[in-house]
Amino acid sequence: MTTLKSDFLKIMTERGFVHQCSDSDGLDALAQRGEIIAYVGYDCTAPSLHVGSLISIMMLAWLQKSGGKPIALMGGGTTRVGDPSGKDETRQLRTVAEIDANKNGIKRVFSNFLSFGDGKSDALMVDNAEWLAPLNYIDFLRDVGRHFSVNRMLTMDSARLRLDREQELSFIEFNYMLLQAYDFVELNRRYGCNVQMGGSDQWGNIVTGIDLGRRMGVKEQLFALTCPLLTTASGAKMGKTATGAVWLNEEQLSAYDYWQFWRNTEDADVERFLKLFTMLPLDEIAKLAALGGAEINEAKKRLATEATALVHGRAKAEAAAETARKTFEQGALATDLPTIDIARADLDSGLGILTAFVKAGLVASNSEARRQIQGGGLKVNDAPVTSDKSVLKTTDAESGVIKLSLGKKKHVLLKPV
């Protein structure tokens, strides 16, 4: 590859977004001419995307900032089939109503990253149900299916890994590759889309779309660009915690808990995550990454605030940072900590300590709560819990709330109602 000339690919490379590219020189030239129209697809399997999707959203955002046109493709059609990539079991089939509800929840996060409109570099949001739902099966087999080799499809990671583990791959999932490839062709026909971006696990599906475009008469060159599937420095999957996924919508995860997720970043990941998940200039990131010892915590706080500001807005990010400062540095009871209502009647009769921590979402199960108690990890109103038989009473409410803590960094207030 020659020296990169376009702002877009320079940004992608310098900040660590590039895993594979089908033709770096060709894509660089396309970007330099300001002619990239790129899409990422998001299936509607939950009411919110999680932080694992954030890297591709950031790719779309940087594309727009550098003069390209981003397309956020909602998978209203493909979600009815289910992507087998990275899964050992068939995904649960959802109703059209469930998919539509999830789609509406997912849409909201994009307005924080992209500017939508009718201009040359304004973002588009479209739904592949527009062209997939009306398809006639026989016509689809004749027009699209005839270009696919089953032999080749079986070598793709999405199918091969499932079969290597001797796990069932349903016929409906096997069709997913055809639908995703057809999306690329249809987006090219409708909007001139010439690049598909996504996680590295989608490489096979994306290049299959490029091949299908050539076979179905697309004249211009199509490109594939994938980003790495991130793990933390310790090898854990990015975006998973003991209590579940790190969601982007506030209904699923509060801005404070989202801030805390980034604040808890491992030291070895700080520089990489600042590059990927904030828009801070690289020279400023280099200064933060150079901080050593206890000062690295200041870099983590900056990462948390900048990452949270992108998803939840600057005001909520700074409020979360201030709540954390009051809680950890001053030892104060910050009333804007995550709060859960609890029936006063439950406290009057005595609420079991294990049940309380599970309800608060600080632990996933009673058994996990017991293990935390044995290790001294649970506190009520900053006092260690010493027995799994303890109960909470109304009299435990200080200033109208009961503070539950897991370790030093996770806190929830129970509010009797």
Between Glu284 and Lys287, does any NZ, NE, NH1 or NH2 come within less than 4.0 Å of an OD or OE carboxylate oxygen?
no
Side-chain donor/acceptor of Arg214 to backbone N/O of Ile210, under 3.5 Å
no
Ion pair Asp388/Arg370, N-O distance below 4.0 Å:
yes
Results of side chain to side chain contact (heavy atoms under 4.5 Å, CB included) for Gln252 - residues two or more places apart only
Pro47, Ser48, Trp247, Asn249
Closest heavy-atom contact between Gly204 and Thr208?
O-OG1, 2.7 Å
Drop me the distance from Cys44's SG to Ile99's CD1, to the nearest 0.5 angstrom.
7.0 Å
Matching residue for Leu303 among Leu274, Leu280, Asp269, Leu288 - test: side chain to side chain contact (heavy atoms under 4.5 Å, CB included)
Leu274
Could you tell me if Gln196 and Gln180 have a donor-acceptor pair between their side chains, going purely by distance under 3.5 Å?
yes
His411 side chain to Ser405 side chain, donor-acceptor N/O pair below 3.5 angstrom
yes
Find out whether Leu230 and Arg272 are in side-chain contact, i.e. whether some heavy atom of one side chain is under 4.5 Å from a heavy atom of the other.
yes
Would you say Ile37 and Ile71 make side-chain contact, with heavy atoms under 4.5 Å?
yes
Run Lys403 and Val380 through side-chain contact (heavy atoms from CB on, under 4.5 Å) and show every step you take.
CA-CA 6 Å; Lys403 181 183 177 185; Val380 174; over 6 Å; no
State whether Glu322 and Arg325 are salt-bridged, where the test is any N-O pair (Lys NZ or Arg NE/NH1/NH2 against Asp/Glu carboxylate O) under 4.0 Å.
yes
Over all atoms of both residues, closest heavy-atom pair of Gly192 and Glu220
O-OE2, 4.0 Å
Shortest non-hydrogen contact from Ile55 toward Pro228
CD1-O, 4.0 Å
Compare all side-chain heavy atoms of Asn194 with those of Gln221 and state whether any distance is below 4.5 angstrom.
no
Where do Cys227 and Met59 come nearest, in terms of heavy atoms and distance?
CB-SD, 3.6 Å
Is it true that the side chains of Asn128 and Glu186 contain a donor and an acceptor less than 3.5 Å apart?
no
Rounded to the nearest 0.5 Å, what separates atom OG1 in Thr78 from atom CG in Leu178?
13.0 Å
Could I get the full list of salt bridge (charged side-chain N to carboxylate O under 4.0 Å, His left out) partners for Lys316, not counting sequence neighbours?
Glu250
Quick one: does Asp28's side chain have a donor or acceptor within less than 3.5 Å of a partner on Asp25's backbone?
no
Just so I know, are the side chains of Cys21 and Leu27 near enough to count as touching, which here means a heavy-atom distance under 4.5 Å?
yes
Is a side-chain N or O of Thr323 found less than 3.5 angstrom from the main chain of Ala319, in a donor-acceptor match?
yes
Other residues, nucleotides and ligands only: do more than 12 of their heavy atoms fall within 6.0 Å of CZ on Arg142?
no
Between Asp257 and Gln260: side-chain donor-acceptor atoms closer than 3.5 Å
no
Sidechain-backbone polar pair: Thr265 side chain, Val270 backbone, donor-acceptor under 3.5 Å:
no
Counting only N and O atoms by type, is there a donor-acceptor contact under 3.5 Å from the side chain of Arg15 to the main-chain atoms of Thr278?
yes
Do NZ/NE/NH1/NH2 and the carboxylate oxygens of Glu298 and Arg302 come within less than 4.0 Å?
no
Validation row: Leu354, Ile373 side chains within 4.5 angstrom (heavy atoms):
yes
Out of the candidates Thr308, Asn264, Thr305, only one should pair with Trp259 under the side chain to side chain donor-acceptor pair (under 3.5 Å) rule; please name it.
Thr305
Is there any side chain to side chain donor-acceptor pair (under 3.5 Å) pair reaching into residues 106-118, and which pairs are they, with sequence neighbours excluded?
Arg108-Glu251
So the side chain to side chain donor-acceptor pair (under 3.5 Å) pairs with at least one residue in residues 59-70 (sequence neighbours excluded) are none
May I ask you to decide whether Arg314 forms a salt bridge with Glu306, counting only side-chain N to carboxylate O separations under 4.0 Å?
yes
If we only count heavy atoms from C-beta on, is the Leu413 to Ile402 side-chain gap below 4.5 Å?
no
Considering all heavy atoms of both residues, which atom of Gly75 and which atom of Asp43 are nearest to each other, and what is their separation?
CA-OD1, 3.6 Å
Could you tell me whether Asp211 and Arg215 have a side-chain N and a carboxylate O separated by less than 4.0 Å?
yes
Pairing residues for Phe184 by the ring pair (Phe, Tyr, Trp, His ring centres under 6.0 Å) criterion, not counting sequence neighbours:
Tyr39
For Leu404 and Lys379, what are the C-alpha separation, side-chain angles and deciding distance, and is it a side-chain contact (heavy atoms from CB on, under 4.5 Å)?
CA-CA 6 Å; Leu404 304 186; Lys379 293 182 179 180; over 6 Å; no
Using the salt bridge (charged side-chain N to carboxylate O under 4.0 Å, His left out) criterion, which residues pair with Lys103? Sequence neighbours excluded.
Asp100, Asp127
Is the backbone of Thr45 close enough, under 3.5 Å, to the side chain of Arg94 for a donor and an acceptor to pair up by distance?
yes
Side-chain heavy-atom pair Trp262, Lys300 within 4.5 angstrom cut-off:
no
Check step by step if side-chain contact (heavy atoms from CB on, under 4.5 Å) holds for Ile57 and Leu49.
CA-CA 10 Å; Ile57 297 174; Leu49 296 176; 3.9 Å; yes
Mind checking whether Ser22 and Trp203 have side chains closer than 4.5 Å, heavy atoms only?
yes
Short question: side chain of Thr226, backbone of Gln20 - any donor-acceptor pair under 3.5 Å?
yes
Across all chains, not counting sequence neighbours, the salt bridge (charged side-chain N to carboxylate O under 4.0 Å, His left out) partners of Arg146 are none
Donor-acceptor pair, side chain of Asn188 and main chain of Cys193, under 3.5 angstrom:
yes
Hey, what do you get for CD (Glu130) to CG (Leu73), rounding to the nearest 0.5 Å?
9.0 Å
Can you sort out the partners of Phe140 under ring pair (Phe, Tyr, Trp, His ring centres under 6.0 Å), two or more places apart, ordered by chain and number?
Tyr182
Just jot down the ring pair (Phe, Tyr, Trp, His ring centres under 6.0 Å) partners of Phe110, sequence neighbours excluded, or say none.
Tyr42
Under the salt bridge (charged side-chain N to carboxylate O under 4.0 Å, His left out) test, which residues partner Glu14, sequence neighbours left out?
none
Set of side chain to side chain contact (heavy atoms under 4.5 Å, CB included) partners for Val358, sequence neighbours left out
Val363, Asn366
Minimal heavy-atom distance between Glu368 and Leu362, with the atoms involved, is OE2-O, 4.5 Å
Out of curiosity, Phe113 CZ to Met58 CE, how far, rounded to the nearest 0.5 Å?
6.5 Å
Those residues that, when tested against Phe8, pass ring pair (Phe, Tyr, Trp, His ring centres under 6.0 Å) (two or more places apart):
none
